[in-house]
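Here's the structure, in structure tokens; my notes come after.
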Amino acid sequence: MAGLLERHIAVITGSGSGIGRAIALGYAREGAHVAVADIDAKAAAETVEAITAAGGKAQSFTLDVTDRDKCREIAGEIRRQIGQVTILVNNAGINRRNAFTADPQAVTKDWQDIMAVNLNGVFNVTHALLEQLRASRGRIVNIASIQSFMHVRTPNSLAYTTSKHGVLGFTRALAAELGKDGVRVNAIGPGLIETPLNARARANHPELVKIFLDHTPLGRTGKPEDIVGPAIFLACDLSGYVTGSIIMADGGYRVI
Ligand code: NAP
């Protein structure tokens, strides 16, 4: 049976690890040719190895999403080496956990670094791929968060919450603008997903993980694989009339 993403070319940022890696493997299983783009070249190469070992198609690209010129360069390289991009997943993201009242230098650096990756990075990559996505009537999937709606007390900086609110705003505004070109733009809002991003916080603050789980109807943390189904749905033709939306994959956190 043909996969849901046959003949698609998908760029996934931050796909050397965690949620991005799981989406890359899932897209490749559905037949997409995946451009695995990550700041960590070794991690990107490992994702490609896992995809090719499973019989899929992928190539790695070393990309720091904060570097606007490099984003343009890589967009051109992907076009030449693989073909016209039809799917973009803006997944690369970082978090820091200082309170706003902590050392001013640390707080300022957190703000600048988080905005540079989580928000400007989304702009940079999307803008670099805009013409390819318009030409292919493509699909954009942005990885947002429950923190696109609220601040969560597991230690998270104010900058992270602000950046994820911004990702949702970007999703809605771009969906409105690109609808006429047939480009769909949606987001996914993961809850607490077990990845390296939060491994230290989970290990150091089990009491806060418990507070989180007590607030989660499904009563468990998520795995990266829990985000793959929503990401495939938003990238494939099954969601042909869905744009400007966010799918929450949070175990029900926002319901109560
Ligand atoms: P992760 O395991 O740390 O993976 C993120 C990947 O992005 C890493 O390979 C990281 O490389 C890479 N990266 C960091 N900065 C980059 C840059 N400037 N350019 C390109 N790649 C960069 O994190 P994750 O949990 O899978 O997070 C993926 C996305 O999901 C993020 O946007 C995050 O905010 C979002 N999210 C996660 C959760 C959760 O609970 N895990 C919940 C809601 C939303 P390095 O490892 O070298 O930094």
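As the structure lists them, so they are numbered: ligands from 1, and atoms in each ligand from 1.
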Original post:
For ligand 1, which part of T195 has a heavy atom less than 4.0 Å away: the side chain, the backbone, both, or neither?
Top reply: side chain
Subject >> Exceeds 12 heavy-atom contacts within 6.0 angstrom, atom CD of E177 >> reply: no
Subject >> Heavy-atom proximity to atom 42 (C) of ligand 1, best of A22, S145, G191 >> reply: G191
Subject >> For atom 29 (C) of ligand 1, the option (of I19, D40, N91) bearing the nearest heavy atom >> reply: N91
Original post:
Where is the nearest protein heavy atom to atom 10 (C) of ligand 1: which residue, which atom, and how far?
Top reply: D38 OD1, 3.9 Å
Original post:
Tell me: protein heavy atom nearest atom 27 (O) of ligand 1, and distance?
Top reply: L197 CD2, 4.1 Å
Original post:
Can you list the steps and then say if N204 with R200 is a side-chain hydrogen bond (donor to acceptor under 3.5 Å, both in side chains)?
Top reply: CA-CA 6 Å; N204 294 343; R200 215 167 50 182; over 6 Å; no
Original post:
Side chain of N142, backbone of V89: donor and acceptor closer than 3.5 Å?
Top reply: no
Subject >> Shortest protein heavy-atom distance from atom 22 (C) of ligand 1, along with the residue and atom involved >> reply: I39 CG2, 3.5 Å
**OP:** Note the single closest protein heavy atom to atom 19 (N) of ligand 1, along with its residue, its atom name and the distance in Å.
**Re:** V65 N, 3.0 Å
Original post:
What atoms of ligand 1 come within less than 4.0 Å of a heavy atom belonging to P190?
Top reply: 42 (C), 43 (C), 44 (C)
Subject >> Point-to-point distance, once rounded to the nearest 0.5 Å, from CG of N91 to CD1 of I143 >> reply: 5.0 Å
**OP:** Supply the atom-to-atom distance R184 CZ to S245 OG, rounded to the nearest 0.5 angstrom.
**Re:** 10.0 Å
Original post:
Which residue holds the protein heavy atom closest to atom 2 (O) of ligand 1, what is that atom called, and what is the gap in Å?
Top reply: S17 OG, 2.7 Å
**OP:** Provide the number and element of each atom of ligand 1 under 4.0 Å from a heavy atom of N198.
**Re:** 39 (C), 40 (O), 41 (N)
Subject >> Proximal atoms of ligand 1 relative to G18 (non-hydrogen, under 4.0 Å) >> reply: 2 (O), 26 (O)
**OP:** Measure the acute angle between the ring planes of Y253 and H215, then classify it against the limits of 30° and 60° as parallel, tilted or perpendicular.
**Re:** tilted
Original post:
Under 4.0 angstrom from ligand 1, any heavy atom of G121?
Top reply: no
Original post:
Crowded around H151 NE2? As in, over 12 foreign heavy atoms under 6.0 Å?
Top reply: yes
Subject >> Option nearest atom 15 (N) of ligand 1 (shortest heavy-atom distance, choices V122, D113, V152, I94) >> reply: I94
Original post:
Under the 4.0 Å line, does any protein heavy atom show up next to atom 46 (O) of ligand 1?
Top reply: no
Original post:
How far is atom 20 (C) of ligand 1 from its nearest protein heavy atom, and which residue and atom is that?
Top reply: L63 O, 3.0 Å
Original post:
Are the charged groups of D237 and R139 less than 4.0 angstrom apart, N to O?
Top reply: yes
Original post:
Hey, which atoms in ligand 1 end up nearer than 4.0 Å to a heavy atom of P196?
Top reply: 2 (O)
Original post:
Does some non-hydrogen atom of R21 fall short of 4.0 Å from ligand 1?
Top reply: no
Subject >> For Y160, atoms of ligand 1 separated by under 4.0 Å from a heavy atom >> reply: 33 (C), 34 (O), 35 (C), 36 (N), 43 (C), 44 (C)
Subject >> Heavy-atom nearest neighbour in the protein, as seen from atom 40 (O) of ligand 1, with distance rounded to 0.1 Å >> reply: I193 N, 2.8 Å
Original post:
Between CD1 of I12 and CG of D38, what distance do you get to the nearest 0.5 Å?
Top reply: 11.0 Å
Original post:
Within a radius of less than 6.0 Å around CD of Q105, do more than 12 heavy atoms belonging to other residues, nucleotides or ligands occur?
Top reply: no
Subject >> Residue G93 vicinity, atoms of ligand 1 by number, heavy atom under 4.0 Å >> reply: 31 (C), 32 (O)
Original post:
Would you call E131 and R134 a salt bridge, taking side-chain N to carboxylate O under 4.0 Å as the test?
Top reply: yes
Original post:
If you measure from atom 44 (C) of ligand 1 to every heavy atom of A37, S15, A43, A144, which option wins on shortest distance?
Top reply: A144
Original post:
Counting heavy atoms only, which of T13, V89, I143, I12 comes nearest to atom 35 (C) of ligand 1?
Top reply: I143
Subject >> Where ligand 1 meets L192 - atom numbers and elements under 4.0 angstrom, heavy-atom basis >> reply: 40 (O)
Original post:
Which ligand 1 atoms does D64 reach within 4.0 Å, using its non-hydrogen atoms?
Top reply: 17 (C), 18 (N), 19 (N)
**OP:** Test side-chain hydrogen bond (donor to acceptor under 3.5 Å, both in side chains) on H127 and R68 and set out the steps.
**Re:** CA-CA 9 Å; H127 207 230; R68 194 166 301 176; over 6 Å; no
Subject >> Intermediate values then yes/no, side-chain hydrogen bond (donor to acceptor under 3.5 Å, both in side chains), H8 and T86 >> reply: CA-CA 6 Å; H8 278 281; T86 62; 2.7 Å; yes
Original post:
Counting heavy atoms only, which of G14, A44, A199, P224 is nearest atom 5 (C) of ligand 1?
Top reply: G14
Subject >> Flag if over 12 foreign heavy atoms under 6.0 Å of NZ, K210 >> reply: no
Subject >> Side-chain ion pair, R96 and D113, N-O less than 4.0 Å >> reply: yes
